[in-house]
Number of protein chains: 2
Amino acid sequence: MRRPTFSVDVVLLTPLDRHLAVLLVRSPEGSAERWSLPWSLGKATDATLEDTASRVARSVVTAQVAWMDQVGAFADSRRHPSDAELSIAFVGAVPVGTLTRDSDDSAWFPVVELPALSPRQRAIIEASTDAARLKIDSTPVAFRLLPQRFTLSDLQRVYEIMLGRRLHKASFRRALQAATLVEPTDEWRSEGRGRPAQLYRYAPKRRRRVRRGLRFDGISLN
Amino acid sequence: MRRPTFSVDVVLLTPLDRHLAVLLVRSPEGSAERWSLPWSLGKATDATLEDTASRVARSVVTAQVAWMDQVGAFADSRRHPSDAELSIAFVGAVPVGTLTRDSDDSAWFPVVELPALSPRQRAIIEASTDAARLKIDSTPVAFRLLPQRFTLSDLQRVYEIMLGRRLHKASFRRALQAATLVEPTDEWRSEGRGRPAQLYRYAPKRRRRVRRGLRFDGISLN
DNA sequence: TCAATAGTGTCTGTTAGACATTATGGA
DNA sequence: TCCATAATGTCTAACAGACACTATTGA
């Protein structure tokens, strides 16, 4: 039997409770690992790699994928469930509360508590969460992970989970205001104790391109 | 004849004159395009994709490659010189003044004046220059594109060429000082007219992690 | 002397983050 | 009433960018 050339592996992320979670599917019986990333080999009906990745994503969740990006090609000599020598990885995110299609054979796992996985897929998840953080940081995709109406605390929580760090509340709101990305509605929501929060909706206005400079800060020396 | 599975394409960049340049090699006679990116199919002696990319890089320049990163997999239905259905792209940079190994069959082209290329390779170059800007911005690789001793104007020029935009002189030097990445030597260099410039060397001290916040600025709305 | 480049000092507007305070509900 | 959460105002340190100025060479 001819060996498959490459697989397309999909890392679907979602904020779950207070952590970032990744969707895994149950491996066929007899595999060394019980779980794996959803993947597929390319089909003739897929014109592009993106098409293949979208098909894989649709096969495991019903919800709309907020965005999807290619992460790269992984070809270390490590074992992979498809037996392919090469895996092209994609990362995407789905809205808060998205359920898996098949609750028996797929589940969300916090990225900090992953089960045994093939080493290559573990590397893929690592690179994918990094890519997701960059994406969240540079484009307004967080809004697509929430319902139409959301509180600013909801939004901040999504950012914090995706970025993996706490944010300053006042700064968060100021930055949001300056970017004119959201609009208050006249609805409020009471959530247990505490003052009810105003609901907002995503309503991006025009850009304020500021283009602020060079930062040697971010440099990670080697 | 069986169709090759995938190629590894390498985008080597260097600052040339006032522009960013990419190394292209002459295509075999009879190709539709005269030039192409250097590429190779994987060999049994290559343990990883990175090894293949390094081998390709070494085959076209003698100089040390300052760094190399994978850009991604490109598989649009576009034509590629290797006839491979898939190309894995890598981007790297070589020091200012690096010559091509074979001056007859390879040459530096400013990225703004590329010759006819296969559409896939054109897309690869586009994505690679973006990746290179990110890299330059976030890690101190610019220093590896200069000789041991360099002037701050040299360094700023490298940054400007790689980033594709002008930088503010005073801010550039302040940021550099704050990051404690360079150290003045007691040498000066006179370059035609004007006051001679002091020579510096790369001497990174420890980091000052400041971790300054969330910026909705950078968001590119869609 | 002039032209060109190197290198610095000062000022200002912006903003991240700290801190404090008020507002408003549920328990 | 107490407590938890929402929302906002003020202050400060950091910093990017503008501007101006001095320094030092070759032509």
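Residue numbers start from 1 in every chain, and the chains themselves are labelled A, B, ... in the order their sequence lines are given, proteins ahead of strands.
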Value in whole Å for how far the [atom2] atom of [N] lies from [atom1] of [X]:
X	N	atom1	atom2	value
B:Q156	C:dT5	CD	P	13 Å
B:R166	D:dG17	CZ	P	13 Å
A:L152	D:dT8	CG	C1'	12 Å
A:R173	D:dG9	CZ	P	12 Å
B:R189	C:dA4	CZ	C1'	17 Å
A:L176	C:dG17	CG	P	15 Å
A:L199	C:dG25	CG	C1'	15 Å
A:D137	C:dA16	CG	C1'	14 Å

*Have a look at A:S153 and say if it touches a base, only the backbone sugar-phosphate, or nothing, with a 4.0 Å heavy-atom cut-off.*
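Here A:S153 touches the backbone only, sparing every base.
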
*asked:* Need one value for A:Q198: base, sugar-phosphate or nothing, where a base atom within 4.0 Å counts as base even if backbone is also close, heavy atoms only.
replied: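 Answer is sugar-phosphate: A:Q198 comes under 4.0 Å of backbone atoms only.
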
*Kindly check if the number of other-residue, nucleotide or ligand heavy atoms within 6.0 Å of CZ (B:R189) is above 12?*
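Correct, the count exceeds 12.
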
*Can you name the side chain to side chain donor-acceptor pair (under 3.5 Å) partners of B:D105, sequence neighbours left out?*
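For B:D105 the side chain to side chain donor-acceptor pair (under 3.5 Å) partners, ignoring immediate neighbours, are B:R26.
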
*Taking only residues two or more places apart in sequence or in another chain, which ones pass side chain to side chain donor-acceptor pair (under 3.5 Å) with A:S40?*
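By the side chain to side chain donor-acceptor pair (under 3.5 Å) rule, A:S40 matches A:R55.
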
*For residues 175-200 of chain A, pull every pair meeting ring-ring contact (aromatic ring centres under 6.0 Å, His included), keeping only residues two or more places apart or in separate chains.*
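For residues 175-200 of chain A: none.
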
*Does anything in residues 113-135 of chain B pair up under ring-ring contact (aromatic ring centres under 6.0 Å, His included), and if so which pairs, sequence neighbours excluded?*
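Checked against ring-ring contact (aromatic ring centres under 6.0 Å, His included) - neighbours excluded - no pair reaches residues 113-135 of chain B.
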
_Residue mapping more 5' on DNA chain D - nearest nucleotide basis, A:E191 or A:Q177_ =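 On the 5' side of the pair lies A:E191.
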
*Produce a footprint string for nucleotides 18-27 of chain D: one letter per nucleotide, 5' end first; B if the base is under 4.0 Å from any protein heavy atom, S if only the sugar-phosphate is, - if neither.*
B----BBBBS

*Looking at side-chain heavy atoms only, is the closest gap between B:P115 and B:F109 below 4.5 Å?*
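A side-chain contact under 4.5 Å exists here.
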
Acceptor/donor pairs from residues 10-22 of chain A side chains to any protein atom, 3.5 angstrom cut, sequence neighbours excluded:
{"unit_1": "A:T14", "atom_1": "OG1", "unit_2": "A:V94", "atom_2": "O", "d": "2.8"}
{"unit_1": "A:T14", "atom_1": "OG1", "unit_2": "A:P95", "atom_2": "O", "d": "3.1"}

